[in-house]
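Structure, as structure tokens:
Just follow the structure's listing: the first ligand is 1, and inside any ligand the first atom is 1. The chain is numbered in sequence order, starting from 1.
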Amino acid sequence: MTCSNPFVVKWVEETAARLKPTNVVWVNGSDEEYRSICDQLVSDGTFTPLNPKKFPNSYWAVSDPSDVARVEDRTFICTRSQDDAGPTNNWADPREMFKTLNSLMEGCMQGRTMYVVPYLMGPDGSPFSRVGFELTDSLYVVANMRIMARIGDTALRNLKDDSNDFVRGVHSIGDLDPEHRYICHFPEQNIIASFNSNYGGNALQGKKCFALRIASTLARRQGWLAEHMLILGITNPKGEKHYVCAAFPSACGKTNLAMLIPPQSYLEQGWKVETVGDDIAWLNFGSDGRLYAINPEAGFFGVAPGTSYKTNPNAMDTIKSNTIFTNTALDLDEMVPWWEGLGEPPKRVRDWMKHDWTPASKTKAAHPNSRFTAPARQCPSIDANWESPGGVPISAIIFGGRRAHTTPLVYQARDWQHGTFVGVTMASETTAAATGKVGELRRDPMAMLPFIGYHAGDYFQHWLDMGKRAGAKMPGVFHVNWFRTDDAGKFLWPGFGDNMRVLEWVLGRVAGKAGAAETPLGFQPRAEDLNLQGATLSAAAVEELLAVKKADWEEELESQEKFFNKIGAKLPKEIWTEHRALRQRLGL
Ligand code: GTP
Ligand code: SPV
Ligand code: MN
């Protein structure tokens, strides 16, 4: 299929004239084409084919050692007014940034091929789906985009010939110089430019650049939400099904929760959990006034370390074929990927830096942010409605962070305004998903700190406004913390499949059935309100998991205030109101 949209054709020609690729190839998304892309990546050394019996059509790749995670300090929101980017984003003047990028990228594709990747974010034919184009000189990016989005002809079919409504993206791996790495967003023109990185969230533009940063600005203008959320469906023993979204920061458990397998006792009773998405949700109002979610993605770009048949069997079965492994280690005897948490180390291991590795080595064999790229349709728990054009109705929204102290296992917000406050005041310890220190507590509102494409204060206001529109039809809002630790630093909560126990309470609250105590934080389960049968958990651990400690919250309130002051005058007054009410309820 050739592209007959004149806006696209003209822009591709103009871009080629600037970047000067040796040739231009339009990607159609076919199986044949994907096979030839993989063959090329094998012959140029980017891909190492894995054992075709154990991991058919799957490949191992490693990145430049400097290019392993999102680079938040090199990510820019470029708006005419600095105030539109707000205090949480790096801002640049669009004219200045275009100048910088033009001089850096002029002729950067000489001797290379420029691939034109049309991509669709969202299900084929959905009114909520949107089209983007990524012009890239990285065949690795094309291969990953083929899994993560619906690319090629499917995307072209979803763009009208007279439509100028698509995202224009340019990506070049340049020379991977970290000093001149740029991940730039121009929300006023729907333009994305990434330069000098080949890593997922920096280079696969459909994901964070479009589906969160650009989409969040569209969502604000058009009255919907673009969020860093998984989507899952839960069926109870009566056969009633509810869908839930959950926003956790990067590497804090979305993929794992989305693919949860309930404990044996739940399975015997007939509980079932199914997966719609593991990272991003676009939420629109349906004609019944409720919120409906689509997963804009078609694949999973998941954290490998920690993934195993113990923690996440559905992920393990998803990645058995047609998968790209990036920066994991390699078992040289079996030619299968390996990472920390998978099980016993194999005899001969090549680490992600391509060195020989043994358990005695002081480094990790797999990079902590090593990832698999796998088609969502291969997931055994994929939901029958995961590509439903209208999305799935959402009954609850769950916020969560990685916090050793302070926040209890779970609590429910009193109403939408309070729920928005709970989202705004999320905080979490940093992970390897972004460059920088790991394990430092930072405020991460709605798990969107690195992904809000505009002023965070306006974003909080947009959440409040959405609630005003829908009233009582908005989902219930909850907060969870799987990561509370004891004095020895050990996780108190078993997590993973046992998170089902918390989901049951959440749905019980939505249905008005589960018990709770009204506490300063909102509504919290007492130990007897949770089904803990069969969980390996002492009574003391349960008490600690549910505890709200004044000293912790005193610090927490201070930290919230600092954050509010950073947001400044655009912080909605309702958020201050909720903060003061919380302070009063806590007696602090
Ligand atoms: P992104 O893809 O970066 O957005 O991350 P994600 O939120 O999908 O995170 P993911 O589910 O991949 O989890 C990341 C890490 O958290 C892995 O090392 C998991 O093993 C660990 N993890 C996930 N769920 C739990 C849990 O319930 N308890 C504990 N203790 N660890 C968990
Ligand atoms: C995240 O960092 O939140 C991810 C991985 O989901 S990336 O696509 O690299 O952003
Ligand atoms: Mn993510």
Side-chain angles (χ1 to χ4, degrees), residues 63 67-72 75 141 144-145 148-149 183 194 197-213 227-232 246-261 275 277-281 297 299-308 310-312 314-316 319 326-327 339-342 364 366-374 398 400-404 409-410 428-436 438 444 447-451 480-485 489-503 545:
S63 72
D67 189 31
V68 293
R70 285 184 295 98
V71 281
E72 293 178 3
T75 299
V141 161
N144 278 270
M145 285 293 284
M148 294 308 296
I183 317 300
S194 10
S197 171
N198 209 25
Y199 167 75
N202 301 328
L204 309 176
Q205 292 183 342
K207 202 171 174 58
K208 306 296 163 149
C209 301
F210 183 168
L212 290 178
R213 297 194 191 96
E227 299 298 327
H228 194 201
M229 290 177 177
L230 67 93
I231 311 160
L232 57 76
F248 306 159
S250 303
C252 289
K254 289 184 300 302
T255 302
N256 280 272
L257 191 67
M259 299 180 190
L260 175 148
I261 296 181
T275 311
D278 83 327
D279 197 49
I280 299 176
E297 303 190 275
F300 305 128
F301 185 61
V303 178
T307 307
S308 72
K310 258 201 209 133
T311 57
N312 193 347
N314 281 323
M316 293 298 290
I319 62 180
T326 303
N327 289 341
W339 49 78
E340 280 73 16
L342 187 58
K364 297 221 164 48
H367 187 278
N369 191 41
S370 54
R371 300 219 170 217
F372 52 77
T373 317
I398 305 177
R402 186 184 278 271
R403 296 195 70 167
L409 179 64
V410 58
S428 193
E429 288 142 21
T430 50
T431 65
T435 54
V438 168
D444 189 350
M448 283 285 283
L449 180 74
F451 309 122
V480 301
N481 178 18
W482 314 142
F483 300 95
R484 199 150 171 170
T485 56
K490 209 174 146 272
F491 292 126
L492 285 159
W493 179 245
F496 303 103
D498 284 292
N499 294 334
M500 184 66 221
R501 302 173 190 281
V502 171
L503 293 179
L545 279 163

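Side-chain atoms of W493 and N481 include no donor-acceptor pair closer than 3.5 Å. For the 3.5 Å distance criterion, the side chains of N327 and S63 qualify, holding a donor opposite an acceptor.
Around the Mn ion (ligand 3), protein N, O or S atoms at less than 2.8 Å comprise K208 NZ, H228 NE2, D279 OD1.
Put simply, the side chain of T326 never gets that close to the backbone of S370: no donor and acceptor are under 3.5 Å apart. A donor-acceptor pair is defined here as one N or O able to donate and one able to accept, closer than 3.5 Å; no such pair exists between the side chain of N312 and the backbone of M316. Under a 3.5 Å cut-off, the side chain of E340 and the backbone N or O of A366 do form a donor-acceptor pair. Using a distance-only test at 3.5 Å, with no hydrogens or angles considered, no donor-acceptor pair links the side chain of R70 to the main chain of T75. Although no hydrogens or angles enter the test, the distance criterion places no donor-acceptor pair under 3.5 Å between the side chain of E227 and the main chain of A247. Remark: side-chain polar atoms of N499 are paired, donor with acceptor, to backbone N or O of F496 under 3.5 angstrom. Put simply, the side chain of T275 gets close to the backbone of A258: a donor and an acceptor are under 3.5 Å apart.
Taking every non-hydrogen atom of F491 and a distance limit under 4.0 Å, the qualifying atoms of ligand 1 come out as 30 (N). For ligand 1 and F483, the ligand atoms under 4.0 Å from any heavy atom of the residue are 29 (C), 30 (N), 31 (N), 32 (C). Proximity to P305 (heavy-atom distance under 4.0 Å) selects the following atoms of ligand 1: 17 (C), 18 (O). Below 4.0 Å from some heavy atom of R402 lie the following atoms of ligand 1, by number and element: 15 (C), 16 (O). Using a 4.0 Å cut-off to heavy atoms of W482, the atoms of ligand 1 that qualify are 26 (C), 27 (O). Near R371, meaning under 4.0 Å from any of its heavy atoms, are these atoms of ligand 1: 1 (P), 2 (O), 3 (O). Residue S250 has at least one heavy-atom neighbour below 4.0 Å for each of these atoms of ligand 1: 1 (P), 3 (O), 4 (O), 5 (O). Within the listing of ligand 1, atoms 6 (P), 7 (O), 9 (O) sit less than 4.0 angstrom from a heavy atom of C252.
Atom 11 (O) of ligand 1 has its closest protein heavy atom at N256 ND2, 2.8 Å. For atom 5 (O) of ligand 1, the closest heavy atom belonging to the protein is A251 N, 2.7 Å. With respect to atom 9 (O) of ligand 1, the closest heavy atom belonging to the protein is G253 N, 3.0 Å. Here the heavy atom of the protein found nearest to atom 6 (P) of ligand 1 is K254 N, 3.3 Å. Annotation: atom 24 (N) of ligand 1 to nearest protein heavy atom, F496 CE2, 3.5 Å.
Ligand 1 has P249 within reach: a non-hydrogen atom of the residue lies less than 4.0 Å from it. Under a 4.0 Å heavy-atom criterion, G302 is not in contact with ligand 1. For N499, the heavy-atom gap to ligand 1 drops under 4.0 angstrom.
Here the side chains of H228 and P450 are not in contact, with every heavy-atom distance at 4.5 Å or above. Put simply, the side chain of L212 reaches to within 4.5 Å of the side chain of I280, judged on heavy atoms. Within the 4.5 Å cutoff, side-chain heavy atoms of L257 are placed close to those of W482. The shortest distance between side-chain heavy atoms of S194 and Q205 falls below 4.5 Å.
Taking only nitrogen or oxygen atoms, main chain and side chain alike, K208 does not reach within less than 3.5 Å of ligand 1.
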Under the side-chain hydrogen bond (donor to acceptor under 3.5 Å, both in side chains) rule, what do R371 and N369 come out as? Steps first, then yes or no, please.
CA-CA 6 Å; R371 300 219 170 217; N369 191 41; 3.0 Å; yes
From CA spacing to verdict: salt bridge (Lys or Arg N to Asp or Glu O under 4.0 Å), K207, E297:
CA-CA 7 Å; K207 202 171 174 58; E297 303 190 275; 3.0 Å; yes
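Counting heavy atoms closer than 4.0 Å to ligand 1, residue L257 contributes nothing at all.
Qualifying ring pair (Phe, Tyr, Trp, His ring centres under 6.0 Å) partners for F372, counting only residues two or more places apart in sequence or in other chains: none.
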Does ligand 2 have any N/O atom under 3.5 Å from a protein N/O, and what are those pairs and their distances?
from	atom 1	to	atom 2	distance (Å)
ligand 2	2 (O)	R70	NE	2.9
ligand 2	2 (O)	R70	NH2	3.2
ligand 2	2 (O)	S250	OG	3.1
ligand 2	3 (O)	K208	NZ	2.7
ligand 2	3 (O)	H228	NE2	3.3
ligand 2	3 (O)	S250	OG	2.5
ligand 2	6 (O)	K208	NZ	2.9
ligand 2	6 (O)	D279	OD1	3.3
ligand 2	6 (O)	D279	OD2	3.3
ligand 2	8 (O)	G201	N	3.4
ligand 2	9 (O)	Y199	OH	2.6
ligand 2	9 (O)	G201	N	2.8
ligand 2	10 (O)	R70	NE	3.1

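Taking the ring axis of F483 as reference, the NZ or CZ atom of R402 stays within 45° of it and closer than 6.0 Å to the ring centre.
Sorted by first and then second residue, the pairs that involve residues 251-260 and meet salt bridge (Lys or Arg N to Asp or Glu O under 4.0 Å), not counting sequence neighbours, are K254-D279.
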